[in-house]
*Asks:* 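Shown below is the structure under consideration.
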Amino acid sequence: MGMLFMNLQAQQNIIEIWDNEIPGEVTSDGYQEELNVENGQILRAEKVIVPTLTVYKPKKPNGTTVIIFPGGGYHHLAIDKEGTKVAQWLNQLGITAFVLKYCLPSDVIMEDKTIGPLQDAQRAVRYVRRNAEKMKLDPAKIGVMGFSAGGHLAATLSTQYDTIVYELEDEVSAQPNFSILVYPVISMQDDITHQGSKTNLLGDHPSEEQVMAYSNEKQVTDATPKTFLVHATDDSSVPVENSIRYYMALKSHNVPVELHLYEKGGHGFGLGRGDTNQYWPLACEQWLDAHHLINKTF
């Protein structure tokens with residue numbers, strides 16, 4: 001894995017987000033990162049032990065940034081479909097994109113697996129904001145975008161950006177300025193959660209306190225960033241009620257929010273496939289334009 005990762009770094013602008021040890025890291029000699037790579041591009045990652053940001057720069061950057069969290073049930077990361085391809089689309093809008101390969105929760109390599117992904121997410125936002133001027137990015141236009149379990153991580157970050165999950169080196173904020181959530185896992189409550197994501201993150205027997213802490217519809221405040229939501233009504237993996245409840249929570253706190261529900265699409269449709277869900281990227285472009293995050297003529 002080490003030589004493969006070094007070769008990938010040579011080909012792409014890949015940043016390791018932790019300078020030294022990852023906070024709360026546990027060393028396990030038998031735990032190996034697994035990358036499915038094709039033509040120099042990571043398609044899928046499992047057992048992540050080296051969290052990284054891969055940078056995708058547009059030809060004409062407009063200063064807006066989106067950090068992308070691929071999904072995969074907190075078991076793997078669908079880096080190509082819900083990462084690279086999304087970054088390339090965002091680049092067409094002038095947005096600088098970062099794909100976060102975040103550590104997946106594991107008792108083998110983490111003292112507390114429930115905060116492992118959130119540590120990486122907070123660190124990623126702080127890294128981009130800390131280096132925004134150097135990269136010619138606007139520190140007030142840093143958004144996050146998550147798919148499925150990556151949507152849960154993006155929503156957790158959006159509601160727990162100031163929760164202390166590692167020792168901070170400065171006062172740079174991890175608060176996103178906006179979030180885009182696509183068929184997201186929002187809740188850990190049994191009636192609507194994705195059980196695989198819940199078990200992988202919280203274990204087999206989480207406490208009620210843990211369930212509430214990671215049910216993001218319960219954590220929304222007036223300071224939660226403006227949000228764009230996408231879901232299919234016939235999603236049999238992550239019930240549409242996840243997005244609906246988050247929408248209602250945001251609305252009750254007067255947080256700007258837009259929700260797009262599609263009749264068909266199932267789960268994992270990425271940038272869209274068939275049916276009417278294929279048009280969600282256009283709706284998202286219009287939302288980004290309306291909030292002055294891009295400048296696009298429709």
Side-chain angles (χ1 to χ4, degrees), residues 5 9 12-27 48-58 61-70 77 83 87 90 95-105 109-146 150 152-181 201 213-214 216 219-227 255 291-293:
F5 181 73
Q9 279 190 307
Q12 298 175 322
N13 192 357
I14 298 178
I15 302 158
E16 293 188 28
I17 64 173
W18 297 102
D19 299 326
N20 299 303
E21 292 184 359
I22 301 171
E25 182 179 24
V26 176
T27 302
V48 175
I49 55 176
V50 184
T52 63
L53 282 170
T54 302
V55 189
Y56 293 84
K57 299 179 181 178
N62 58 24
T64 297
T65 303
V66 170
I67 302 171
I68 306 165
F69 306 151
L77 301 178
L90 291 169
I95 294 174
T96 301
F98 294 79
V99 177
L100 179 64
K101 177 166 70 75
Y102 54 92
C103 283
L104 296 156
I109 60 167
M110 298 171 180
E111 292 176 1
D112 181 359
K113 71 175 184 176
T114 66
I115 63 172
L118 181 57
Q119 285 184 165
D120 290 347
Q122 287 190 0
R123 180 78 170 186
V125 173
R126 289 190 174 107
Y127 176 88
V128 173
R129 184 163 281 129
R130 188 179 296 119
N131 293 281
E133 183 176 353
K134 182 170 62 177
M135 295 187 289
K136 298 181 179 179
L137 300 172
D138 188 337
K141 292 185 177 180
I142 299 174
V144 292
M145 183 175 190
H152 182 267
L153 180 55
T156 303
L157 176 64
S158 295
T159 54
Q160 298 195 48
Y161 51 83
D162 57 356
T163 298
I164 304 299
V165 290
Y166 66 91
E167 186 175 347
L168 304 182
E169 59 193 278
D170 54 36
E171 296 183 358
V172 173
S173 174
Q175 182 180 20
N177 299 106
F178 61 96
S179 63
I180 300 168
L181 308 179
L201 182 65
Y214 288 95
N216 293 308
Q219 302 302 322
V220 171
T221 69
D222 295 355
T224 303
K226 54 183 169 281
T227 302
V255 175
H291 285 279
H292 310 292
L293 296 165

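Numbering of residues begins at 1 and proceeds along the displayed sequence.
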*Asks:* Does some side-chain heavy atom of Leu104 sit less than 4.5 Å from a side-chain heavy atom of Leu77?
*Replies:* yes

*Asks:* Answer yes if the side chains of Arg123 and Gln119 hold a donor-acceptor pair under 3.5 Å, and no otherwise.
*Replies:* no

*Asks:* Mark yes when over 12 heavy atoms from residues, nucleotides or ligands other than Glu133 sit less than 6.0 Å from its CD; otherwise mark no.
*Replies:* no

*Asks:* I'd like to know if the side chain of Arg129 reaches the main chain of Gln175, judged simply by a donor and an acceptor atom lying under 3.5 Å from each other, with no hydrogens or angles considered.
*Replies:* yes

*Asks:* Any side-chain to backbone donor/acceptor pair from Lys141 onto Asn62? Under 3.5 Å, distance only.
*Replies:* no

*Asks:* Just by modelled atom types, is the Ile142 backbone N or O under 3.5 Å from a matching donor or acceptor in the Asn177 side chain?
*Replies:* yes

*Asks:* Identify the heavy atoms of Met110 and Lys113 that sit nearest to each other, and give their distance.
*Replies:* SD-CA, 3.7 Å

*Asks:* Within a strict 4.5 Å, meaning less than it, do heavy atoms of the Leu157 and Gln122 side chains meet?
*Replies:* yes

*Asks:* What residues, two or more places apart in sequence or in another chain, satisfy side-chain contact (heavy atoms from CB on, under 4.5 Å) together with Asp170?
*Replies:* Arg130, Val172

*Asks:* Inspect the contact between Glu16 and Lys101 and indicate whether a charged nitrogen and a carboxylate oxygen are less than 4.0 angstrom apart.
*Replies:* no

*Asks:* Taking the side chain as every heavy atom from C-beta outward, state whether Asp138 and Thr64 have any atom pair closer than 4.5 Å.
*Replies:* no

*Asks:* Please step through side chain to side chain contact (heavy atoms under 4.5 Å, CB included) for the pair Ile164 and Leu168, ending with a clear verdict.
*Replies:* CA-CA 8 Å; Ile164 304 299; Leu168 304 182; 3.9 Å; yes

*Asks:* Give a yes or no on whether the backbone of Thr52 and the side-chain of Thr54 come within a donor-acceptor separation of less than 3.5 Å.
*Replies:* no

*Asks:* Among residues at least two apart in sequence or on other chains, which ones pass side-chain contact (heavy atoms from CB on, under 4.5 Å) with Thr114?
*Replies:* Asp112, Leu202, Gln210, Tyr214

*Asks:* Residues two or more places apart in sequence or in another chain: which of them pass side-chain contact (heavy atoms from CB on, under 4.5 Å) with Ala155?
*Replies:* Leu181, Ile186, Asn216, Tyr246

*Asks:* With a 3.5 Å cut-off and no angle check, do the side chains of Thr159 and Thr224 form a donor-acceptor pair?
*Replies:* no

*Asks:* Could you work out, with side-chain contact (heavy atoms from CB on, under 4.5 Å) as the rule, every residue matching Pro51, not counting sequence neighbours?
*Replies:* Ile17, Trp18, Ile22, Cys103, Asp120

*Asks:* Find out whether Thr65 and Phe98 are in side-chain contact, i.e. whether some heavy atom of one side chain is under 4.5 Å from a heavy atom of the other.
*Replies:* yes

*Asks:* Indicate yes or no: at least one non-hydrogen side-chain atom of Tyr56 is less than 4.5 angstrom from one of Val99.
*Replies:* yes

*Asks:* For the backbone of Pro70 and the side chain of Tyr102, can you confirm whether one donor and one acceptor N or O come within less than 3.5 Å of each other?
*Replies:* yes

*Asks:* Dump the intermediate steps for side-chain hydrogen bond (donor to acceptor under 3.5 Å, both in side chains) on Thr227 and Ser179, then the final yes or no.
*Replies:* CA-CA 5 Å; Thr227 302; Ser179 63; 3.0 Å; yes

*Asks:* Quick one: side-chain hydrogen bond (donor to acceptor under 3.5 Å, both in side chains) partners of Ser158, sequence neighbours excluded?
*Replies:* none

*Asks:* Please enumerate all residues that pass side-chain hydrogen bond (donor to acceptor under 3.5 Å, both in side chains) together with Thr163, with sequence neighbours excluded.
*Replies:* Gln160

